[in-house]
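Worksheet: one structure, shown below.
Naming: A, B, ... by sequence-line order, numbering from 1 per chain.
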Amino acid sequence: MTELLNMMIIDGLSFALPLFIMAIGGIYSEKSGITNLALEGFQGVGAFTGAFAAVFLAQSMTGALPYYVSFLCAIIGGGVFALLHALLCIRFRANQVISGVVMNILAMAMTTFLTKRINAAVFGHAGNKFLLGTSARFTVPVLSDIPVLGAVFTDVYPFEVIILVVAVVMSYVLYRTPFGLRLRACGDNPHSVDAAGVDVNRVRSVAVVISGCLSGIAGMSFAYSISANFSADIYLGYGYLSIAALIFGNWTILPAFGACLLFGLARSGGTVLIQQLGLPSSYNDLVRILPYVLTLVLLIFFSRSNRSPRALGEPYEKGKR
Amino acid sequence: MNEQEFIVEMRGITKRFPGITANDGVSIQIRKGEIYAILGENGAGKSTLMSMLFGMIEPDEGEIFIRGKRERIDSPRRATQLSIGMVHQHFRLVSNYTVAENIILGMEPEKKCGPFPMVDIAGANAKVAALSERYGLQVDPTDVIEDLNVATRQRVEILKMLYREAEILIFDEPTAVLTPQEIAAFLDIVRGLRDQGKTVILITHKLEEIKQVADRCAILNRGKLISVMDVASSTTSDMARMMVGHEVSFSTPKAPPHFGSPVLRLENLTVKNAAGFNSVNSVSFEVRAGEVLGIAGVSGNGQNELADAIAGLQRCHGGKIILNGRDISNLSIRERVEAGVAYIPEDRHNVGLVLDFTLRDNLMLKQYYRARFAHRHVMDEIAFDEYGKELIGRYDIRSNQGDATITRSMSGGNQQKAVIARELDLKTPLVVFMQPTRGLDAGAVSNIHRQIIAERDRGAAVLLISLDLDEILDCSDTIAIIFQGHINKIAPAASLTVEEIGLYMMGVKGGEAA
Ligand SMILES: Nc1ncnc2c1ncn2[C@@H]1O[C@H](COP(=O)(O)OP(=O)(O)OP(=O)(O)O)[C@@H](O)[C@H]1O
Ligand SMILES: [Mg+2]
């Protein structure tokens, strides 16, 4: 029994944390006033860049270095791709929902195409994935012996630690620094920010790029855990799930963390249940929809009380009265 | 002349917008430490002129001198550096932030959290509290903006300027949204600011206020500077005449009323607000054909809910609304329009108009579905155009591009004319006016008052709800005073004195409703 509980916690966390860091990215973007449905695409492009770097470096290197470099590259890849969303939404005032959807379609098409080309041209073999293998894990001695909670310190992926550190830093920046204060103000009343002499569009651009960087971390984490490779399989809707999480979290970081945990545990709990009932593994696909079903149910309860940032989705025009 | 004497000098300022010259060679000079008023009809270019001083837009021609030095003010940031501050017609506050957070935004005091910088909220609160104390503004730095009333929000905007050490303070129609008591308090604050050495520029339509606080007054008409008057030596009617170019009467001429049968009858009408509190509490009265019933009261005593309930924007929770003998309390808004209710709402931006529609389409909003304008559910564009042009002509609605103007770009006065044209042209037996002249210039006010009387003389029942007691006294045949959701007193206008009405409004007298 404890075995099962441990498994649920370990798998739940390793799914929840990447979702969480991506949701923080979404919060940055939406709190600044830019609707962001593009998280899905951002994490895919991040995973693609990171996976390419990892495979490339693995040719000449061993050890942990390619692992960490791949995360760095995923951050850069996600961020650069997000610039496109920023450009469309801010500079050209495109409809933000449409731009987000286009980003997702573009990301998927572009990365699957490039993966095949790169495999052929650089690595000299045909294939539509970058094989990574799952990341190594570690267990913290002593702490992992605590009953139940010990599972939190058991079989931890290194990226989970990276995510927690980044999450703490990003929360600090959003809620404690002048930049964060201005960013959150941009999503409520950009005119007040402009009147205070701060460039609204610059703040928003930075926020969108940050959402790309954080999504890159998430994508790379999924690639190293759930799929063990980079392929089109990375686009399974995790980005949308993190959007759901940030909405349930009322656009604030800590409650969004709660939502992510709930999604993670729903998913791992379902897997455990199916194993327990001895159902064929094809039922695992059924389990994957659990978080989404949960989303539907939660929507019913949260839609009314949650309030999106007031200026969300509106391009900022200076002279507008 | 000594250059140093003027803290602000604008020379030959011209600003054009598509189809209109908003400012045409305007030159003004403002002395340090004076209260300088700017007066002009709606659309005269007052806000435009001040937006240029604050760097929101740049002039096409002309020069600006600050403290004798020529400056190019290309952004509010630059204006702030030159210690110019502005409170806009629509406040610019972050609704979910505290007072202090709003004030420090863009100039945050910092402290260190270990090696990392962070916003010093405690320090900000202390500093804001001190400033508020010094200028007598009575604002708690930790209150959240959305919980504050308009007058307090305005004081937050003032603190925002003071925090940035502004010396030149620009106010764009600061009193349009305030109640009489709040206005008095505001004028005291302005005097206090001047006494502490600040220069104040005040855009307002209320001549009384200019008379009370201003030292000098510039008058704009259709973008041109007409004259600069010394306030102490001129009367309000001088100023009004200068502004519109002809004599303005402050009271509306009206013939004795001819009352007909009752058109609107309220029976124990009760309306609850979101919190479940009875904002309108068992109100009963009648309005007869050919009668203007004015409802006076201090803001927030149930006026909005009363008007919205009659128009169908809010549900009634008890009692009946009877129009010409028919109970309309449960009808939809459109059914009420068809039954004969016209409504000029208080909030023209959010309720009265769709700001991003053209003027023509806004004029059509209550009739587009009628047989004249729609055939088999398809809109008849030609009929729209004709009708739009007709109303624009008849009600003298001025805009840059005729019926195709996007309503948002129109001046406040003309937006209001559009709402009034749309509603009055329905020629309904009942017309409800809610604060019809808020933010309008003296000329426009007197026009609307004349229209109210014309409606009455046409035989309509008119319900006029206003916070402006002068307006109520000027137009009404019968006056009702609302206090905490009750009608405290209802009597023929001639039988009440201003002092009496004041006492009923404050709830000092009352409980003897007819
Ligand atoms: N951004 C803009 N684009 C187009 N036209 C504009 C713009 N801003 C102002 N105008 C036009 O310039 C003229 C002057 O407008 P302004 O807002 O300065 O008038 P105002 O004197 O402040 O009037 P009010 O008393 O109604 O506030 C108006 O006709 C208005 O429609
Ligand atoms: Mg104005």
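For A:Pro178 against B:Val119, the heavy-atom pair with the smallest separation is N-CG2, 3.2 Å. Across all non-hydrogen atoms, the minimal contact from A:Gly180 to B:Tyr97 is O-OH, 4.2 Å. Summarising the geometry of B:Arg92 relative to A:Ala195, their closest heavy-atom pair is CD-CB, 4.4 Å, with the distance given to 0.1 Å.
Atom CZ of B:Phe357 sits in a sparse spot, with 12 or fewer heavy atoms from other residues, nucleotides or ligands closer than 6.0 Å.
The CG atom of B:Asn96 sits 8.0 Å away from the CZ atom of A:Arg310 when rounded to the nearest 0.5 Å.
Contacts with chain A were tallied for B:Met56, B:Met107, B:Glu110; B:Glu110 has the most, counting heavy-atom pairs under 4.5 Å. In terms of heavy-atom pairs under 4.5 Å with chain B, the best-connected choice from A:Val198, A:Leu181, A:Asp194, A:Val173 is A:Leu181. Ranked by heavy-atom pairs under 4.5 Å with chain B, the first of A:Val193, A:Asp188, A:Asn189 is A:Asp188. When each of B:Pro76, B:Ser95, B:Pro117 is checked for heavy-atom pairs under 4.5 Å with chain A, B:Ser95 comes out on top.
Using a cutoff of 4.0 Å between basic side-chain nitrogens and carboxylate oxygens, B:Glu146 and A:Arg307 are scored as salt-bridged.
Within the 4.5 angstrom heavy-atom criterion, no atom of B:Ser75 approaches chain A. For A:Tyr172, the part lying near chain B is the side chain, with the backbone staying farther off; criterion is any non-hydrogen pair under 4.5 Å. Proximity to chain A is absent for every atom of B:Arg78, based on heavy atoms less than 4.5 angstrom apart. Contact annotation for B:Ile121: neither backbone nor side-chain heavy atoms come within less than 4.5 Å of a heavy atom of chain A. Heavy atoms of B:Phe91 lying under 4.5 Å from chain A belong exclusively to its backbone. The parts of B:Leu105 that come within reach of chain A are both its backbone and its side chain, each placing non-hydrogen atoms under 4.5 angstrom from that chain.
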